[in-house]
Amino acid sequence: MTALTPADLIRPEIRALSPYHVPDATGMIKLDAMENPYSWPAELIDGWLAVLRTAPLNRYPDPQARRLQARLREAMAIPAGAALILGNGSDELIQLLILALAGSGRAVLAPEPSFVMYRSIAAFVGMRYLAVPLRADDFGLDLAALLAAIDRHRPALIFLAYPNNPTGNRFAAQDIRQVLQATPGLVVVDEAYFPFTDHSFLQSLPEFDNLLVMRTLSKMGLAGLRLGLLAGAPRWLNEFEKLRLPYNINVLTQVSAEFALVHQTVLLEQADRIRASRAALFAALNALPGMTVFPSEANFILVRVPAGQANRLFESLREGGILVKNLSATGGLLQDCLRVTVGTVEENQAFLAALAAAL
Ligand SMILES: *Cc1c(COP(=O)(O)O)cnc(C)c1O
């Protein structure tokens with residue numbers, strides 16, 4: 001019998017994918033992945049290590065991560081009536097939602113451009129993906145187009161990143177309310193960048209039965225831990241909970257995140273510094289010739305460089321030891337665009353100097 005090959009067995013939609021590529025950033029100023037650039041004060045690290053010493057690695061973790069859930073509810077003021085599911089990063093929660101809702105004729109919808117994992121995970125699972133373009137001038141929601149797509153396709157699930165990645169803007173809250181009212185399906189408001197904005201839909205959960213709010217600790221300063229959360233009505237989350245793998249939040253993440261949330265003020269102060277640096281970086285980028293700089297409520301800034309220059313500028317920055325995200329190849333509204341994460345004051349200065357020199 002002839003053995004089957006990957007071409008025979010692997011689903012065509014999986015074979016068509018490329019693996020998620022993370023460039024090597026060893027020794028570089030890393031401004032490509034929305035990480036918090038600050039570390040912890042020494043005494044905080046000592047306190048954390050003391051907690052780790054007692055972590056029972058021989059035991060499976062608490063499958064519900066109850067202590068961590070209680071800390072998260074308190075730290076984020078999650079409405080009492082809402083249920084909570086934790087994920088190994090919010091990426092895992094996106095996967096869980098799509099796994100639960102995929103099926104023949106079912107579609108997932110998101111604006112374009114937005115967070116790439118919505119589309120990728122829909123492709124893994126084989127769920128139809130509908131992309132509705134954002135407005136070209138300011139990356140706002142095109143409400144008329146969105147409502148028409150909802151009416152026509154009745155998507156089971158809509159993702160709205162609030163603020164949006166990679167554009168950095170925050171959609172109008174009133175538009176999101178209209179989407180919530182118009183759609184028969186679920187709407188996930190993805191608040192990955194909540195530490196960098198003053199706006200949230202978390203307190204609106206009791207108002208909308210089809211609203212789910214997703215957050216992550218990654219952009220706040222704990223990207224290495226992999227912890228995301230989904231809050232929403234129990235009747236929905238009880239169903240999603242069935243798909244969650246029992247021990248998806250490991251022991252070290254549980255105790256470390258609990259500890260970090262007790263000392264949340266340190267992370268929130270860092271977020272405030274990042275917001276201040278964002279304003280300075282925005283002004284400095286605007287002062288460079290030929291740049292279109294888009295306002296951001298996240299910890300990164302999207303900038304459109306002079307036409308045809310994105311690849312050259314990206315390479316020049318990389319040769320100078322600075323890694324940003326080159327989105328130009330994505331095309332469409334992101335043609336000629338680079339995305340830069342807000343770093344420390346020194347990192348931002350190094351980036352600006354290298355960019356100015358390359359221009
Ligand atoms: C970074 C990001 C995430 C993923 O966060 P993880 O918790 O690290 O998986 C989700 N949504 C948006 C919009 C993001 O930018």
Side-chain angles (χ1 to χ4, degrees), residues 20-23 30-37 65 68 72 75-76 84-99 108-122 124 129 131 134 139 141 157-171 176 186-197 199-202 212-232 244-245 248-250 253-254 256-257 260-261 267 271 274 278 294 296-302 324-325 327 330 334 337 339-342:
Y20 188 77
H21 174 66
V22 179
K30 195 170 182 309
L31 302 178
D32 66 328
M34 281 78 90
E35 291 143 331
N36 175 336
L68 175 55
L72 284 164
M76 298 195 178
L84 209 55
I85 296 186
L86 306 190
N88 189 341
S90 41
D91 287 351
E92 191 189 36
L93 295 167
I94 298 167
Q95 183 184 57
L96 189 149
L97 285 162
I98 293 179
L99 276 173
V108 54
L109 181 152
E112 179 109 325
S114 193
F115 185 46
V116 291
M117 292 312 288
Y118 307 148
R119 181 193 281 276
S120 301
I121 294 172
F124 303 162
Y129 185 83
L134 292 172
F139 297 122
L141 289 176
L157 183 61
I158 298 175
F159 284 106
L160 298 171
Y162 186 79
N164 190 39
N165 172 11
T167 55
N169 62 309
R170 188 173 54 79
F171 302 138
I176 295 182
L186 292 170
V187 178
V188 176
V189 175
D190 179 350
E191 298 188 349
Y193 297 97
F194 74 93
F196 312 103
T197 177
H199 301 266
S200 168
F201 269 82
L202 203 51
L212 303 170
V213 175
M214 189 165 69
R215 288 187 169 189
T216 171
L217 299 191
S218 294
K219 313 296 158 65
M220 188 179 191
L222 299 170
L225 282 188
R226 311 302 298 129
L227 185 70
L229 56 138
L230 184 73
R244 189 180 61 81
L245 297 177
N248 64 330
I249 312 298
N250 71 71
T253 295
Q254 290 194 25
S256 301
L261 289 168
L267 295 175
I274 291 167
R278 174 181 71 197
F294 295 96
S296 169
E297 292 195 28
N299 63 342
F300 61 87
I301 292 179
L302 185 76
V324 300
K325 181 82 176 173
L327 295 162
T330 318
L334 297 176
C337 286
R339 187 191 64 196
V340 58
T341 304
V342 180

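Basis for what follows: all heavy atoms, side chains included, without hydrogens, waters or symmetry-related copies. None of the values given here were measured: they were computed from a predicted structure. Every number for a ligand or one of its atoms is a count from 1 in the order of the listing.
Contacts of A192 with ligand 1, taken as heavy-atom pairs under 4.0 Å, involve the side chain alone. When non-hydrogen atoms are compared, ligand 1 lies under 4.0 Å from neither the backbone nor the side chain of M34. When heavy-atom distances to ligand 1 are checked against a 4.0 Å cut-off, D190 comes that close only through its side chain, counted from C-beta outward.
Counting only heavy atoms of the protein, atom 15 (O) of ligand 1 lies nearest to Y193 OH, 2.6 Å. Atom 14 (C) of ligand 1 has K219 NZ, 3.1 Å as its closest protein atom, hydrogens excluded (heavy atom only). At the shortest separation from atom 5 (O) of ligand 1 among protein heavy atoms lies S90 OG, 3.1 Å. For atom 3 (C) of ligand 1, the nearest non-hydrogen atom of the protein is F115 CZ, 3.4 Å.
Within the 4.0 Å heavy-atom cutoff, R226 counts among the residues contacting ligand 1.
Counting heavy atoms from C-beta outward, L202 and F194 have side chains that stay 4.5 Å or more apart. Side-chain contact between L86 and L229: present, with at least one pair of heavy atoms (C-beta onward) separated by less than 4.5 Å. Residues Y162 and V213 are not in side-chain contact: their nearest non-hydrogen atoms beyond the backbone lie 4.5 Å or more apart.
Here is the list of ligand 1 atoms found below 4.0 Å of a heavy atom in S218: 6 (P), 7 (O), 8 (O). Ligand 1 places these atoms under 4.0 Å from at least one heavy atom of D91: 4 (C), 9 (O).
Within the model, atoms CZ of F300 and CG of L31 stand 13.5 Å from one another, a figure rounded to the nearest 0.5 Å.
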Report task. Give the intermediate values and the outcome of side chain to side chain contact (heavy atoms under 4.5 Å, CB included) for residues R215 and L72. Result -> CA-CA 11 Å; R215 288 187 169 189; L72 284 164; over 6 Å; no
Query raised in the report: Yes or no on salt bridge (charged side-chain N to carboxylate O under 4.0 Å, His left out) for R226 and E92, after CA distance, side-chain angles and deciding distance?
Result: CA-CA 9 Å; R226 311 302 298 129; E92 191 189 36; over 6 Å; no
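Classified by interplanar angle (parallel below 30°, tilted 30° to 60°, perpendicular above 60°), the ring pair Y193/F196 is tilted.
Between L334 and P113, the shortest heavy-atom distance links the atoms CD1-CB, 3.6 Å.
Checked against a 3.5 angstrom limit, the closest N/O atoms of Y118 and ligand 1 fall outside it.
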